[in-house]
Number of protein chains: 2
Amino acid sequence: MSSVSVRDVAALAGVSTGTVSNVLNRPDKVSPATVERVHDAIEKLGFVRNDAARQLRSGSSRAIGLVILDVGNPFFTDLARGTEDSAAEMGFSIILGNSDEKAERESAYLDLFEEQRVHGVLISPFGDIVPRLRRLRSRGIPAVVVDRTSWDNSFSSVSVDDVAGGEMAANHLLDIGRTRIAFVGGPLEIRQVADRLNGARRAIESHGGATLEVIPVAALSVAEGREAGLRLIARDKHQRPDAIFAANDLIATGLLQTLVMEGAVSIPDDIALIGYDDIAFASAAVVPLSSIRQPSALIGETAVKILLEEASDPDVLPRQVVYQPELRARASTIGSQPVSAAHAGDDELCR
Amino acid sequence: MSSVSVRDVAALAGVSTGTVSNVLNRPDKVSPATVERVHDAIEKLGFVRNDAARQLRSGSSRAIGLVILDVGNPFFTDLARGTEDSAAEMGFSIILGNSDEKAERESAYLDLFEEQRVHGVLISPFGDIVPRLRRLRSRGIPAVVVDRTSWDNSFSSVSVDDVAGGEMAANHLLDIGRTRIAFVGGPLEIRQVADRLNGARRAIESHGGATLEVIPVAALSVAEGREAGLRLIARDKHQRPDAIFAANDLIATGLLQTLVMEGAVSIPDDIALIGYDDIAFASAAVVPLSSIRQPSALIGETAVKILLEEASDPDVLPRQVVYQPELRARASTIGSQPVSAAHAGDDELCR
DNA sequence: CGGGTGGAGTGAATCGTTTTAATTTGGAAG
DNA sequence: CTTCCAAATTAAAACGATTCACTCCACCCG
C-alpha cells in the first residue's frame with residue numbers, strides 16, 4: 001500500500017509541501033521552473049491527491065448531491081445527465097441518490113450528503129424536507145429544489161409549469177375535437193400530478209361542452225398504466241372516453257399497450273392519447289406518442305448553475321425558475337400526417 | 001457556520017473524544033449509560049460526523065464508484081439500481097459516473113475515484129483500462145468489471161454469457177421456421193455486440209439451410225435502429241430478411257417503429273424481431289418485443305458483493321461470475337398467443 | 001490479603017492536505 | 001549604496017475524527 005503524500009513529492013522536487021500545494025491549486029503563484037520540477041516529481045512517484053485531506057482542511061467538497069424520485073424514469077435520468085454535464089464542466093461531480101418515492105430513503109441520502117459536507121444538494125422532493133434543507137443551509141450547504149417549486153420560496157427551485165402543461169395537453173385534445181376526456185394519473189399527493197390535472201380541468205371548464213373524468217392510479221409506472229387500460233377495456237364501448245391525458249409517459253405507454261393489443265382500440269381514431277415528459281421512448285413507440293415535453297436536461301443544468309452561485313455567495317436571494325413545457329403532437333393524437341409539420345425531424349430520439 | 005465537533009460533544013457529555021468515537025463506531029464497547037449521555041449530547045448539539053476527517057484517519061471511504069456506459073440505457077440504470085440497493089444494505093453509497101462510451105470521460109471518473117480513495121470501483125469498461133485498474137489495486141482499491149468478462153482474469157467480473165444469448169436468440173428464430181436472418185448491431189468493437197453476433201453465427205451454422213446477414217450500425221441507440229429500418233424498407237420485398245436479431249432493445253425499438261409505421265411490414269408475420277436486454281419498455285411496446293433477458297439488477301448486486309469481499313480480504317482470488325441469459329418470447333416473434341405460456345404474467349413491467 | 005483480570009474510559013498522536021504568517025530573494029527606485 | 005517591494009518560497013499550525021497504548025477501578029479467586 002504505497003501511500004505517496006505531498007511530503008514525498010516535496011522532498012523529491014526539493015521544495016516545501018506548501019509549494020506543492022500551490023502548484024496543485026494556484027500554479028500561477030509559482031515560478032514555471034518549480035511547477036515543472038514538481039510535476040515531474042508527481043509523475044515519477046504516481047502521486048494522487050487525497051481528497052479527504054483536502055476537504056478536511058479546506059472545508060468543502062467538490063461533490064454535489066442529487067436525490068431523484070425514480071431512476072427508472074427516463075425523465076429523471078435525462079435530468080441527472082444534465083446536472084452531471086454541467087457539474088463536470090465546473091469541476092464538480094454528482095453523487096446520485098434514488099429515493100424511489102420513499103421518505104425514508106430520501107432522508108438517508110440527505111444524512112449521507114450532510115456527513116460528506118457536499119458542496120450543495122439538488123433534490124426532487126418527496127416528503128416534506130424543508131426542515132432538513134434549512135438545517136443544511138445553516139451548515140453552509142445550499143440546496144436547490146428541482147422539478148417542483150419550493151413550498152414557501154425560501155429555497156431556489158427549477159421546475160416546469162405543470163399547470164400550463166396540463167392545460168396545453170387538454171387544449172390539444174379539445175382542438176382535435178374530443179369532448180369526453182379522461183385523466184389517468186396518481187397519486188394526487190404528488191404535486192406534479194395534481195398540477196397537471198388542475199391545468200387540464202381549467203382548460204376543459206373554460207371550453208364548455210367537454211367533460212373530464214379522473215381515473216386514478218397508484219403510481220406513475222407502466223404497470224399501473226396497463227392496469228388502468230384493462231379497466232377501460234372492460235367498459236362498454238360507449239362508456240369509454242374519446243381522449244386520454246396520461247399523467248406521464250410511462251402510464252401512457254401502459255395504456256397504449258393494453259388498449260391496442262387487448263382492447264382492439266384504435267389510437268387515435270377511437271381514443272386519442274397524450275402523455276407527459278416526452279421521454280425518448282415516447283417518440284419511438286409504434287404509435288408515436290404525443291406528449292408534453294419538458295426540458296429535462298436543461299432543468300438539471302440550470303439547477304447546478306444556481307446551486308453553485310448560491311454556494312459561492314450565500315446571501316444571494318432564492319430564485320424560482322419556471323420553464324414552459326411544449327407540446328409534441330404525434331400520431332397518438334393526430335394520426336399519421338404528411339411529414340411537413342413544424343417539428344418533424346427535430347425529435348431527439350434517445351438523445 | 002456552526003461547526004460542532006466530537007470535542008464539543010465530548011465536553012457536553014462529560015467524556016473524552018475517544019469515547020464519543022467509540023459510541024459512534026463500536027457502541028458495544030461503551031457502557032449503556034454513557035452511550036445514552038453521548039447520544040443526548042449529539043442530539044442537543046446537532047452534531048453530524050465529518051466524513052472527510054473520518055476517512056482521512058481511517059483510510060477508506062464508504063463510497064463505491066460505478067462507471068457505466070450509458071445512463072440512457074435502461075439496462076444500465078437497472079444495473080445501477082441493483083448496486084445501489086446492495087450497497088445501501090451494507091452501509092455504502094454509490095457514486096455514479098456515466099462514461100457515455102467515451103474513453104476520456106471514463107478516465108476522468110477513474111481519476112476522481114482515485115482521489116476520493118473510494119472503497120472500490122465497479123466498471124463496465126469502454127477503453128482498455130487494465131493499467132488503471134492495476135494501479136488502483138496497488139493503492140488498495142479493488143475493482144470489479146461488470147457486464148463483461150475481464151481480459152485476462154486478473155480482475156473479478158460479473159457478466160452474462162452473450163455468446164449463449166446470441167445463440168439462444170438465433171435458435172428461437174430458427175425454431176419458428178425463419179431462415180433468412182439478419183443481425184442488426186454495432187459497433188463490433190463493443191465486446192458484447194461481437195459476442196452476440198458470434199453466438200448467432202454459431203447457431204445458424206450448426207443449423208444448415210439458414211443464412212445470416214450482418215447489418216452494421218454505428219451505435220446502440222433507437223435512432224440508429226430507425227436508420228437501419230429505413231435501409232431495410234428501401235429494399236425489394238424479397239430481398240428482406242424474414243427475421244431480425246437486434247443487438248439490443250434500443251435498436252429493436254427503432255427498427256420496430258420504421259418497419260411497422262413506414263414500411264407497412266407486419267411483425268412477426270413478414271419479419272420476426274428479437275432484441276436483447278429485455279428492458280422494461282420492451283414488453284410494453286405495442287408489439288411486445290421478444291428479447292433476451294439479462295438479470296441486470298442481479299449483476300449489480302453480485303458485483304457489489306464481490307467487491308466488498310475483495311476489499312476486506314485483498315488476497316482472495318479474482319472470480320468470474322457468468323450468468324445465463326433467458327429467452328422471453330413475445331408477440332414480435334410468436335404473435336399473439338393464448339395467455340398460458342410459462343412466463344405469462346411474470347413480466348416485471350417497469351417495476 | 002494480594003495479584004490478576006478485564007471492562008470503561010482517557011488523551012495524545014495521527015492521517016495528508018491547505019493555509020497563514022513569516023522569510024528570503026532579486027531588482028528597481030531613490 | 002541603501003531602501004523597499006513584490007514575488008517566490010517556507011515552516012508550522014490547523015482541520016476533526018479515529019486509534020492505540022495506557023490508566024483506573026471494581027471484582028474475583030486462591
Side-chain angles (χ1 to χ4, degrees), chain A residues 1-39 41-42 45-63 91 112 114-119 139-140, chain B residues 1-39 41-42 45-63 91 114-119 139-141:
Chain A
M1 312 269 178
S2 64
S3 193
V4 184
S5 76
V6 277
R7 223 190 305 281
D8 304 312
V9 174
L12 181 58
V15 297
S16 74
T17 64
T19 299
V20 175
S21 175
N22 280 334
V23 169
L24 257 31
N25 303 301
R26 284 174 294 279
D28 48 307
K29 297 275 167 208
V30 182
S31 77
T34 312
V35 170
E36 191 181 354
R37 216 148 22 98
V38 171
H39 274 145
I42 287 176
L45 296 173
F47 166 79
V48 173
R49 185 219 270 87
N50 182 325
D51 196 57
R54 178 241 276 268
Q55 188 177 324
L56 172 59
R57 177 62 237 227
S58 65
S60 112
S61 108
R62 307 288 295 171
L112 178 72
E114 199 171 347
E115 285 197 359
Q116 308 222 117
R117 304 290 195 269
V118 293
H119 204 81
R139 279 211 156 67
Chain B
M1 311 281 173
S2 61
S3 192
V4 183
S5 76
V6 276
R7 222 190 305 283
D8 304 313
V9 173
L12 181 58
V15 297
S16 75
T17 63
T19 300
V20 175
S21 176
N22 280 333
V23 170
L24 257 31
N25 303 301
R26 285 173 295 280
D28 49 307
K29 297 276 168 208
V30 183
S31 78
T34 312
V35 170
E36 192 181 353
R37 215 145 27 93
V38 171
H39 274 146
I42 288 176
L45 296 173
F47 167 79
V48 173
R49 186 215 276 85
N50 183 326
D51 195 57
R54 180 241 278 268
Q55 190 178 320
L56 172 59
R57 178 63 238 236
S58 66
S60 109
S61 111
R62 309 288 294 171
E114 197 171 348
E115 285 199 358
Q116 309 223 118
R117 305 289 196 272
V118 292
H119 205 82
R139 280 211 155 65
I141 302 176

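Numbered from 1 within each chain, the chains take letters A, B, ... in sequence-line order. Keep in mind the model is a prediction, meaning the values are calculated, not measured.
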Select base, sugar-phosphate, or nothing to describe what [X] touches, counting heavy atoms under 4.0 Å on all strands.
| X | value |
| --- | --- |
| B/Thr17 | base |
| A/Ser5 | sugar-phosphate |
| A/Val20 | nothing |
| B/Asn25 | sugar-phosphate |
| B/Arg117 | nothing |
| A/Val15 | sugar-phosphate |
| B/Ser31 | sugar-phosphate |

- Message: How bent is the helix from C/dC1-D/dG30 to C/dG30-D/dC1, measuring the angle between the end axes built from five pairs each, rounded to 10°?
- Response: 40°
- Message: Is the phosphate of D/dT10 approached by A/Thr19 (side-chain N or O, under 4.0 Å from OP1 or OP2)?
- Response: yes
- Message: So for B/Arg54 and D/dT18, does any side-chain atom that can act as donor or acceptor lie under 3.5 Å from a complementary atom in the base?
- Response: no
- Message: Can you say whether a donor on the side chain of B/Arg49 sits under 3.5 Å from an acceptor on the base of D/dA17, or the other way round?
- Response: no
- Note on the structure: Which of A/Asp28, A/Thr19, A/Val30 passes side-chain contact (heavy atoms from CB on, under 4.5 Å) with A/Val35? It is A/Val30
- Query: Could you give all pairs that pass the salt bridge (charged side-chain N to carboxylate O under 4.0 Å, His left out) test and reach residues 46-62 of chain B, with sequence neighbours left out?
  - Reply: A/Glu115-B/Arg49, B/Asp51-B/Arg54
- Minimum heavy-atom distance between B/Val4 and B/Phe47, given as atom pair plus value: O-CD1, 3.4 Å
